[in-house]
There are 2 protein chains.
Amino acid sequence: MKIAIQGIKGSYHHIVAENYFGEAIELAECMTFAEMPDKVINGEVDFAVMAIENSIAGAILPNYALIDEADLAIVGEYYLEINHNLMGLKGQKIEEIKKVHSHPMALLQCRSFFKNYPHIKLIEDVDTADVAKRIQENQLKKVGAIASAKAAEIYDLELIAEEIQTIKKNFTRFVIVQSKERLNNVNATKASLKFVLKHESGSLGEVLILLANHKVNLSKIQSLPIIDRPWEYAFFADLVFEDYQEYKNAMADIRNKVSSLKILGEYKDNK
Amino acid sequence: MKIAIQGIKGSYHHIVAENYFGEAIELAECMTFAEMPDKVINGEVDFAVMAIENSIAGAILPNYALIDEADLAIVGEYYLEINHNLMGLKGQKIEEIKKVHSHPMALLQCRSFFKNYPHIKLIEDVDTADVAKRIQENQLKKVGAIASAKAAEIYDLELIAEEIQTIKKNFTRFVIVQSKERLNNVNATKASLKFVLKHESGSLGEVLILLANHKVNLSKIQSLPIIDRPWEYAFFADLVFEDYQEYKNAMADIRNKVSSLKILGEYKDNK
């Protein structure tokens, strides 16, 4: 089984792919999320793993857009507790580190830690693990990576400081996507939707009340500007429910209230 | 009057600051949004201009968090139509450009354009205008910037391709923040809130219906995980209304329904 991940071996996406699918997988390493939809559609990979939401930045809206535009189906989710570590070549002390490269989100999540080390320059990079790899391959002194403990292990680096993220319980939610539709998944307890509302005052409120009447709960909602019609609002929402049939009834009910409704996926709640 | 902006002269923040406050302003150029709250609180600047939402990525949640954590007040908003241009030293042709540096959001917004130029490497940078400045100062050949036409003018670069963003009507919403509270602004027609909900099914729906009863409309909503209590949800919402007193009545009504409510600002709708 071949899985597309963002980044390389040792990245958080790699950890999620192994935790979800087991270790007997082949990886397709992608340097950007934008490469993933084609690989899924062409059948080059069986599934892709995509970060979709985290404790600091909230929803990663461009990834929702990639899933929506390519008509991929969300077939699962995984919550990973993200522990960032500062690492470098063996024997390097934090006082010797001049530059730390990492993914922008990792830098953002560790901002407070580095306030105590103003001599360190923070530089954005495409992948957490890729920096670790380069430090080892090119024997880069004075350079640090922020990455997973797994990356330190794979690329034989030393942990200089552990769990340096500002928020200790720092979760990222990943979704598993594939090309085939998997609707009418009667085992599902969660669904991701995109809907556009008629512009009537309180219409979102009415939709949510209808859902509640069917014991369907909202676990996430985000309005977004409709592309090319800026500032007209559509929504991405995640629903959780116990009874699949009640959820289907709720979907039938709200169709009259919305101007469009698309189910991005139905899957097992994995929180 | 001194205004904090993200980036340097010629950045989109600079354009917004001039359009909003006029040309007789002094700039405090910030390389990150995170530097802004301190400058506002210390009185080093009178106001800060902050991008808060755009057509592709939706809400820029970390900036909402900066405003919320520092207890800044949103006192105004400005919508800027963003036109990205590819620029370089005079006489440079697109075939000669090897690398284009820009802000990650600008790169994201121009992704489709560069699919036709696979020989160009896209590199993330902290500010659109700063790249333009460096190209001129260091006479960098083969390097392009994606920035505003104003940046090309200031740093004397040539436009190689104009309006290269994928979505032609590409708006970014900026907010104007200051330190002083400015509640009870009877001229306000818009408000930004943060609220946390009691975990009862349909409770968000009930809040929205209450707002609608007071003719208060929702122009934006976004759930977000509560820091250190991941996956419990709070919301950032923008409300628009015509009657300030009705809006105040609506706030009084919803206080019973929410476990906390914070007004981030009341201001004139400027869409």
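Order of the sequence lines sets the chain letters (A, B, ...), proteins ahead of strands, with each chain counted from 1.
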Exercise for review: Tell me, please, which residues at least two apart from A:K190 pass salt bridge (charged side-chain N to carboxylate O under 4.0 Å, His left out).
Suggested key: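 Expected list: A:E77.
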
Practice item. Tell me, for A:Y64 versus chain B, whether the close heavy atoms (under 4.5 Å) come from the side chain, the backbone, both or neither. Key: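 Neither part; nothing is under 4.5 Å.
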
Review point. With a cut-off of 6.0 Å (strictly less than), are more than 12 heavy atoms of other residues, nucleotides or ligands near NZ of A:K257?
Key: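 Result for NZ/A:K257: open.
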
**Study point:** Interface moiety of B:I221 toward chain A, non-hydrogen atoms closer than 4.5 Å
**Key:**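 Interface part for B:I221: both.
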
**Study point:** Atom group of B:F236 that falls short of 4.5 Å from chain A, counting heavy atoms
**Key:**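 Neither part.
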
**Study point:** Pair A:D238-A:L218, side-chain contact (heavy atoms from CB on, under 4.5 Å): steps then yes or no
**Key:** CA-CA 6 Å; A:D238 288 340; A:L218 190 72; over 6 Å; no

Check your understanding: So among B:E163, B:Q165, B:Q109, which one has a side chain to side chain donor-acceptor pair (under 3.5 Å) with B:N170?
Key ->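 Single side chain to side chain donor-acceptor pair (under 3.5 Å) partner of B:N170 among B:E163, B:Q165, B:Q109: B:Q109.
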
